[in-house]
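A quick write-up on the structure given underneath.
None of the values given here were measured: they were computed from a predicted structure.
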Amino acid sequence: MSPLLYYALPALGSYVMLSFFFLRRPRLLHTPWVPAFRPRLGAHRGGSGERLENTMEAMENSMAQRADFLELDCQLTRDGVVVVSHDKNLSRQTGVNRDVGSLNFEDLPLLKEELEVYFSPGHFARGADRHMMRLEDLFRRFPRTPMSVEVKERNEELIHKIACLVRHYDRNEITIWASEKSSIMKKCKAANPEMPTSFTLSRGFWVLLFYYLGLLPFISIPEKFFMCFLPTIINRLIMRKSLIQHLQQRGVQVVFWCLNEESDFEAAFNLGATGVITDYPTALRCYLDSRGPPALAS
């Protein structure tokens with residue numbers, strides 16, 4: 001055996017053992033986040049499989065199914081109103097080829113009478129309520145309901161207004177900053193650092209890489225929510241129960257989206273997820289009730 005291997009192999013073995021030890025016992029190195037709420041049932045765009053997405057009717061329908069939190073996206077109108085809308089352009093939702101930011105709130109068109117459910121192609125949602133709504137109206141209607149607010153555009157005015165609304169309605173602990181882009185999340189955290197954050201795409205990639213390299217137990221994690229797209233085969237191969245258990249022990253709640261079938265619900269909770277975001281809150285409620293109360297995290 002060469003002198004290099006003579007020293008390298010024991011060092012590598014010790015590293016692997018330490019990594020495995022602290023992966024299972026992260027509280028020896030880190031103080032876990034204390035969750036303000038446990039998001040078991042999340043309603044994607046307010047439950048866009050059962051009512052027209054992001055309408056008050058959709059939100060109320062999801063709350064009737066005892067949703068634990070509402071997932072939504074925000075855009076800014078020309079007159080500075082924060083509205084709940086997934087798309088920047090209104091074509092898909094309303095048939096009008098205009099950006100939200102080019103119209104005043106009072107001039108926003110009605111939603112179409114039916115909208116295809118994005119994660120359930122060929123299925124359509126309908127509803128009596130076709131009006132786009134202000135984020136402020138949603139905060140007033142459900143003042144203590146947790147919500148995940150995703151920002152898709154690097155619009156500092158929009159971010160600032162969301163942050164101010166959250167402060168005004170005393171929702172700092174129960175409103176999650178969400179964005180796919182780290183550059184946007186940086187702006188969000190600067191606007192209101194008291195709000196919990198979820199992982200961006202790049203941060204999620206690094207966590208997976210650190211996990212497989214054995215480095216995850218030794219790095220800090222400022223995020224409180226890991227929201228990940230689960231249904232694809234590759235994601236089911238990448239995701240490991242030990243990873244999710246490690247994150248949970250550190251107070252990082254793992255939520256999978258956007259799951260609409262019972263088999264997907266089963267896969268997510270069998271992996272140890274805290275919760276699921278779905279377009280069909282009634283189906284997820286039936287599934288959760290059939291399983292009984294959740295086990296308390298250790």
Side-chain angles (χ1 to χ4, degrees), residues 26-27 29-46 54 59 62-63 67-76 80-86 133-204 206-207 219-228 247-255 257 273-275 277 297:
R27 295 181 183 182
L29 296 178
H30 307 278
T31 301
W33 296 113
V34 178
F37 63 96
R38 286 182 59 81
R40 295 271 287 166
L41 193 167
H44 182 242
R45 304 185 194 178
N54 289 323
M59 306 293 178
S62 294
M63 294 306 298
D68 298 302
F69 77 112
L70 302 170
E71 187 276 341
L72 52 104
D73 311 83
C74 287
Q75 305 287 342
L76 193 68
V81 177
V82 181
V83 295
V84 181
S85 173
H86 178 272
M133 64 175 166
R134 303 186 306 170
L135 180 63
E136 184 169 13
D137 293 333
L138 189 60
F139 284 174
R140 286 176 174 171
R141 179 67 182 85
F142 303 110
R144 303 316 305 161
T145 298
M147 298 179 197
S148 172
V149 178
E150 182 170 356
V151 180
K152 297 183 178 297
E153 302 290 330
R154 193 171 178 176
N155 184 326
E156 295 194 28
E157 183 183 0
L158 170 63
I159 293 169
H160 175 73
K161 284 180 177 289
I162 293 172
C164 289
L165 284 171
V166 169
R167 286 195 185 96
H168 180 76
Y169 287 95
D170 192 24
R171 297 182 49 88
N172 287 328
E173 292 188 348
I174 59 171
T175 309
I176 307 166
W177 280 126
S179 182
E180 293 183 350
K181 299 178 181 178
S182 294
S183 59
I184 295 176
M185 184 61 75
K186 184 178 179 180
K187 299 284 186 184
C188 292
K189 289 194 290 186
N192 190 334
E194 297 179 62
M195 293 168 58
T197 59
S198 62
F199 281 83
T200 61
L201 282 178
S202 61
R203 282 284 297 163
W206 281 109
V207 161
I219 67 168
S220 63
I221 300 178
E223 295 90 351
K224 294 184 179 180
F225 293 90
F226 186 81
M227 297 184 183
C228 179
L247 293 173
Q248 302 274 29
Q249 287 188 57
R250 293 179 66 172
V252 180
Q253 304 199 68
V254 179
V255 181
W257 65 277
T274 306
I277 297 174

Out of curiosity, Thr197 OG1 to Asn192 CG, how far, rounded to the nearest 0.5 Å?
11.5 Å

Separation of Phe37 CZ from Thr145 OG1 (nearest 0.5 Å):
10.5 Å

Would you say Val166 and Glu194 make side-chain contact, with heavy atoms under 4.5 Å?
no

Can you check side-chain contact (heavy atoms from CB on, under 4.5 Å) on Met147 and Glu71, steps first, answer last?
CA-CA 6 Å; Met147 298 179 197; Glu71 187 276 341; over 6 Å; no

Check: Asp68 side chain, Gly42 main-chain N or O, donor-acceptor pair, under 3.5 Å:
no

Contact summary for Phe226 and Leu247, nearest pair of heavy atoms
CG-CD1, 4.2 Å

Enclosure of Lys181 NZ (heavy-atom neighbours >12, cutoff 6.0 Å)
no

Donor-acceptor pair, Arg27 side chain versus Gln249 backbone, under 3.5 Å?
yes

Side chains of Val252 and Glu223 in contact at under 4.5 Å (non-hydrogen atoms)
no

Has the side chain of Ser62 got a donor or acceptor atom that lies under 3.5 Å from a matching backbone atom of Gly46?
yes

Considering residues, nucleotides and ligands other than Lys187, do more than 12 of their heavy atoms fall under 6.0 Å from its NZ?
no

Give the minimum heavy-atom separation between Glu157 and Gly80, together with the two atoms involved.
OE2-CA, 4.2 Å

Working note: Tyr169 + Thr175, criterion side-chain contact (heavy atoms from CB on, under 4.5 Å); need CA distance, chi angles, decisive distance, verdict.
CA-CA 10 Å; Tyr169 287 95; Thr175 309; over 6 Å; no

I'd like to know whether CD of Glu136 has more than 12 heavy-atom contacts from other residues, nucleotides or ligands below 6.0 angstrom.
yes

Rounded at 0.5 Å granularity, tell me how far NZ in Lys224 sits from CZ in Phe199.
13.0 Å

Specify the closest pair of heavy atoms between Phe225 and Pro196, including all atoms of both residues, with the distance to one decimal.
CE1-CB, 3.9 Å

Quick check: closest heavy atoms across Gln248 and Gln253, and the distance to 0.1 Å?
OE1-CA, 3.8 Å

Measure the spacing between CE of Met63 and CZ of Phe142 and express it to the nearest 0.5 Å.
5.5 Å

Looking only at heavy atoms, what is the nearest atom pair of Val255 and Pro39, with distance?
CG2-CG, 3.8 Å

Would Arg141 and Met133 count as a side-chain contact (heavy atoms from CB on, under 4.5 Å) if you check the C-alpha gap in whole Å, the side-chain angles of each, and the deciding distance to 0.1 Å?
CA-CA 11 Å; Arg141 179 67 182 85; Met133 64 175 166; over 6 Å; no

Can any side-chain N or O of Trp177 pair as donor or acceptor with the backbone N or O of Cys188 at less than 3.5 Å?
yes

Of the options Glu150, His44, Arg45, Gln75, which is the one that meets His86 in a side chain to side chain donor-acceptor pair (under 3.5 Å)?
Arg45

Sole candidate of Val83, Leu165, Val149, Leu138 that passes side-chain contact (heavy atoms from CB on, under 4.5 Å) when paired with Cys74:
Val149

Quick check: does any side chain N or O of Thr200 sit under 3.5 Å from a backbone N or O of Ser179, one acting as donor and the other as acceptor?
no

Side chains of Phe69 and Ile277 in contact at under 4.5 Å (non-hydrogen atoms):
yes

Do Met59 and Asn54 make a side-chain contact, defined as non-hydrogen atoms from C-beta onward lying under 4.5 Å apart?
yes

Taking it one step at a time, do Met227 and Ile176 satisfy side-chain contact (heavy atoms from CB on, under 4.5 Å)?
CA-CA 11 Å; Met227 297 184 183; Ile176 307 166; 3.7 Å; yes

Has the side chain of Glu153 got a donor or acceptor atom that lies under 3.5 Å from a matching backbone atom of Leu76?
no

Quick check: closest heavy atoms across His30 and Ile219, and the distance to 0.1 Å?
CE1-O, 3.3 Å

If I take atom CG from residue Asp73 and atom OG from residue Ser148, how far apart are they, to the nearest 0.5 angstrom?
8.5 Å

Side-chain (Arg250) to main-chain (Trp33) donor-acceptor, under 3.5 angstrom:
no

